[in-house]
Amino acid sequence: MSTKRPTNQRASSSSTTASPSPGPTSKRQRLSAPHNALHGHKVYIITAKLESSTISELHELVERSGAAHARSPEDADVIVTAIGMRKRFERHVDWKVAKSKAVVRPAWLEDSVAQGKALPCEDYAALRDLKETTCANCPSGRCTCGPTDSDSDTSPLNTPTKAKKPRSFDHSQRESAVARTSARTEIPGYLLPPETPYAVEMEKLRFNTRFSCQRATPLRCINQDLCDTLEIIRRSRLLVGEDRSALSYGRAIAVIKSFPKRITGETRDEAKELPNIGVKLSKMINLWLDTGQIPEIEKIRHSERFQALSSFAEIYGIGPTTARHLYAVGVRTMTELEAYYEADTAPESLVHLQEDSQDAVDPSAEPDPGVSMTEADHMGSNPQETWIKIALSWRHDLAKKIARNEVESIRDVICAELEKMQPGCVSTIVGGYRRGKTECGDVDIVFTHPDGGRVPGLCRRFVRDLHNKGLVTHVIHSMGFHSHDPLRTHHWDSLEKALTVFVPPGQTTRRRVDLIFAAPEVYWTAVVGWTGSMMFERDLRSVAKLQGMKFDSSGISRRRDSKLFHPRSEKEIFDMFGLAWIPPELRNADA
DNA sequence: GGGCAT
DNA sequence: CGTA
DNA sequence: GCCC
């Protein structure tokens with residue numbers, strides 16, 4: 001996997017080749033004392049297209065210039081960017097906002113600091129279409145540029161609004177996970193995937209960092225056999241209810257997966273120094289190296305209880321607790337499990353909990369508002385029991401993996417249907433598919449619409465439509481968009497989701513398909529939040545928390561004042577938390 | 001000895 | 001509690 | 001079970 005892009009732009013020192021950058025701006029005064037060239041101004045740096053070393057240099061320059069860092073483009077007087085294309089630029093800054101700022105190339109900052117004063121912007125405008133407004137807002141206050149030399153289309157700054165291709169599906173071979181359902185309607189740049197992949201700075205992704213969101217973790221690693229072994233212990237810990245222990249095994253697995261060397265007698269010491277590998281795990285690694293196995297694993301493997309709990313928990317809707325209850329009342333095999341739910345003698349033991357979860361199983365509500373779960377109408381008192389009976393009937397289908405091309409064709413079917421109901425939606429296939437798995441357990445798709453007003457309620461309407469057409473047979477809805485509810489203090493669940501059972505047209509195999517509808521301002525958080533892996537998400541949230549922030553798939557907020565943040569690209573989320581970019585295929589921190 | 005995602 |  |  002060649003993750004290192006043959007990067008060609010070093011935007012900083014000599015931005016682009018063909019610009020009239022006045023005066024050679026050499027390797028100047030790294031050591032010069034601070035001055036006040038830009039005192040009183042606020043500068044915002046768009047990090048896209050910049051090397052991280054350049055980014056830090058530019059930050060230094062801002063400080064040295066006496067300017068302040070703006071926290072957002074809106075907040076700034078000056079926006080520094082290496083982006084020259086309007087469409088790409090708009091992914092970071094609203095066009096209207098941009099017109100009220102000076103939008104310049106990095107060279108302007110360098111040269112202004114070098115010369116100790118704010119230089120005229122005219123030769124530094126980052127985008128041709130913004131040259132005029134940039135001059136009007138130039139900190140130097142003495143830009144002389146007249147009305148844009150409107151016809152000299154040879155300008156290197158020119159940003160053709162119409163890019164090369166009539167961008168309909170030119171992205172497909174790069175990341176077919178990302179698709180738009182509409183080619184006709186105009187989609188704002190910030191909802192589109194990057195036209196070139198972000199650079200992956202491998203040197204920053206050190207394997208011995210604490211959190212998996214700071215490391216590159218491939219789908220399968222060089223020590224996969226060890227990871228698979230430890231995964232058995234982890235599963236076992238989860239099933240018996242030792243969640244914290246399970247968490248530790250999960251973290252250990254994650255860090256081993258990112259360790260790029262085969263663990264041998266040579267490298268074992270290094271491996272034992274890894275974060276999340278402590279005394280116990282070190283001993284296990286020793287055993288594994290010396291004897292080729294770990295006794296505890298063999299014990300677990302052969303345990304009747306583990307096998308029973310494992311198989312029960314494979315049923316959708318049965319988790320560790322229910323599995324343990326079943327075992328406790330004497331159920332041992334799948335066959336017995338079916339018999340147990342067949343016989344209408346369900347004991348109270350399983351009934352009691354789980355009454356008013358916020359998620360509504362949407363079956364019986366045949367009268368309009370919900371999708372019908374046909375088999376489940378006329379049901380007995382216990383919805384949980386009913387639910388599991390149905391899930392039992394799915395188990396063979398849902399155990400089947402879904403090939404990538406089938407994931408894509410399911411996406412195509414769904415997008416085609418959605419386009420009929422609501423043209424112009426944008427979508428990304430997320431989940432394991434996006435992380436590069438060749439076989440997927442389910443299909444997860446995040447949707448939005450450039451007109452945010454089109455999104456509330458769309459999930460329900462659309463799923464009902466799919467149900468009427470026979471494509472969706474069952475659904476669990478989670479509420480979303482209760483934003484209109486004035487009683488709600490956080491009216492910020494700008495996300496609707498439906499967990500469905502889907503049968504592709506002309507087929508009979510049921511598939512689990514999750515549809516997520518996000519307001520446009522939380523589209524990228526939803527995409528990051530639903531791409532996974534699970535450990536990657538946990539660590540991302542831990543990192544956010546350490547920084548006083550809160551991350552979840554429906555938004556990012558500052559804990560102290562609940563201020564919301566709306567990143568305009570996936571990478572902006574990484575930037576926001578000071579994390580190096582990690583592409584989806586290297587977020588596979590689960591075994 | 002508390003925290004471990006939301 | 002189960003699920004993502 | 002590991003980290004701070």
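Below, each value reflects all heavy atoms present in this structure, side chains not excepted, and no hydrogens, waters or symmetry copies. Order of the sequence lines fixes the chain letters, A, B, ..., with proteins taken first and strands second; residue numbering starts at 1 for each chain.
Nucleotides C:dA4 and B:dC4, compared at atom P, are 24 Å apart to the nearest Å. Separating the P atom of B:dT6 from that of D:dC2 is a span of 23 Å, rounded to the nearest Å.
Taking every side-chain heavy atom of A:Arg237 into account, D:dG1 is the closest of C:dA4, D:dG1, B:dA5. Listed candidates were D:dC3, B:dA5, C:dA4. Nearest to the side chain of A:Leu499 is C:dA4. For A:Trp530, counting side-chain heavy atoms from C-beta on, the closest listed nucleotide (C:dA4, B:dC4, D:dC3) is C:dA4. Set against D:dG1, C:dA4, D:dC4, the side chain of A:Tyr316 has C:dA4 as its closest nucleotide. With D:dG1, C:dG2, B:dA5 as the choices, the nucleotide that has an atom nearest any side-chain atom of A:Arg251 turns out to be B:dA5. Closest to the side chain of A:Lys550, out of C:dA4, B:dT6, D:dC4, is B:dT6. In this structure, of B:dC4, B:dT6, C:dC1, it is C:dC1 that holds the atom nearest to the side chain of A:Thr322.
Of the residues in residues 304-311 of chain A, none has a non-hydrogen atom less than 4.0 angstrom from any atom of DNA chain D.
As judged by a 4.0 angstrom heavy-atom cut-off over every strand, A:Arg512 is placed among residues touching the sugar-phosphate backbone only. Among the atoms of the strands shown, none is found under 4.0 Å from any heavy atom of A:Leu540. A:Ile516 comes within contact range of no nucleotide atom at all, as no heavy-atom separation falls under 4.0 Å. Contacts of A:Leu230 with the nucleic acid, taken as non-hydrogen atoms under 4.0 Å apart, are absent.
You'll find the ring centres of A:Trp394 and A:Trp387 inside the 6.0 Å limit.
The only member of A:Arg237, A:Arg235, A:Arg324 that meets salt bridge (charged side-chain N to carboxylate O under 4.0 Å, His left out) when paired with A:Glu242 is A:Arg237.
For B:dC4, neither phosphate oxygen OP1 nor OP2 lies less than 4.0 angstrom from any side-chain nitrogen or oxygen of A:Ser542. At least one side-chain nitrogen or oxygen of A:Arg559 sits closer than 4.0 Å to the OP1 or OP2 atom of B:dT6. Using a 4.0 Å cut-off, no side-chain N or O of A:Arg541 falls inside it from OP1 or OP2 of B:dA5. For A:Ser248, no side-chain nitrogen or oxygen approaches OP1 or OP2 of B:dC4 to under 4.0 Å. An OP1 or OP2 oxygen of B:dT6 is reached within less than 4.0 angstrom by a side-chain nitrogen or oxygen of A:Lys545.
Without hydrogens or angle criteria, A:Asn223 side chain to A:Lys261 main chain gives a donor-acceptor distance under 3.5 Å. Between the side chain of A:Arg559 and the main chain of A:Gln547, no donor-acceptor pair closer than 3.5 Å is present.
Because its NZ or CZ atom is not both nearer than 6.0 Å to the ring centre of A:Phe502 and within 45° of the ring axis, A:Arg510 does not count as a cation-pi partner of that residue. Both the sub-6.0 Å distance and the 45° axial angle are satisfied by A:Arg305 relative to the ring of A:Tyr327.
Atom CD1 in A:Ile315 sits roughly 13 Å away from atom P in C:dG2 (whole-Å rounding).
Under the rule for a side chain to side chain contact (heavy atoms under 4.5 Å, CB included), the partners of A:Lys272 that lie at least two apart in sequence or sit in another chain are A:Arg268, A:Asp269, A:Ser282, A:Asn286.
Below 30°, between 30° and 60°, or above 60°: for A:Phe447 and A:Phe462 the angle between ring planes is above 60°, a perpendicular geometry.
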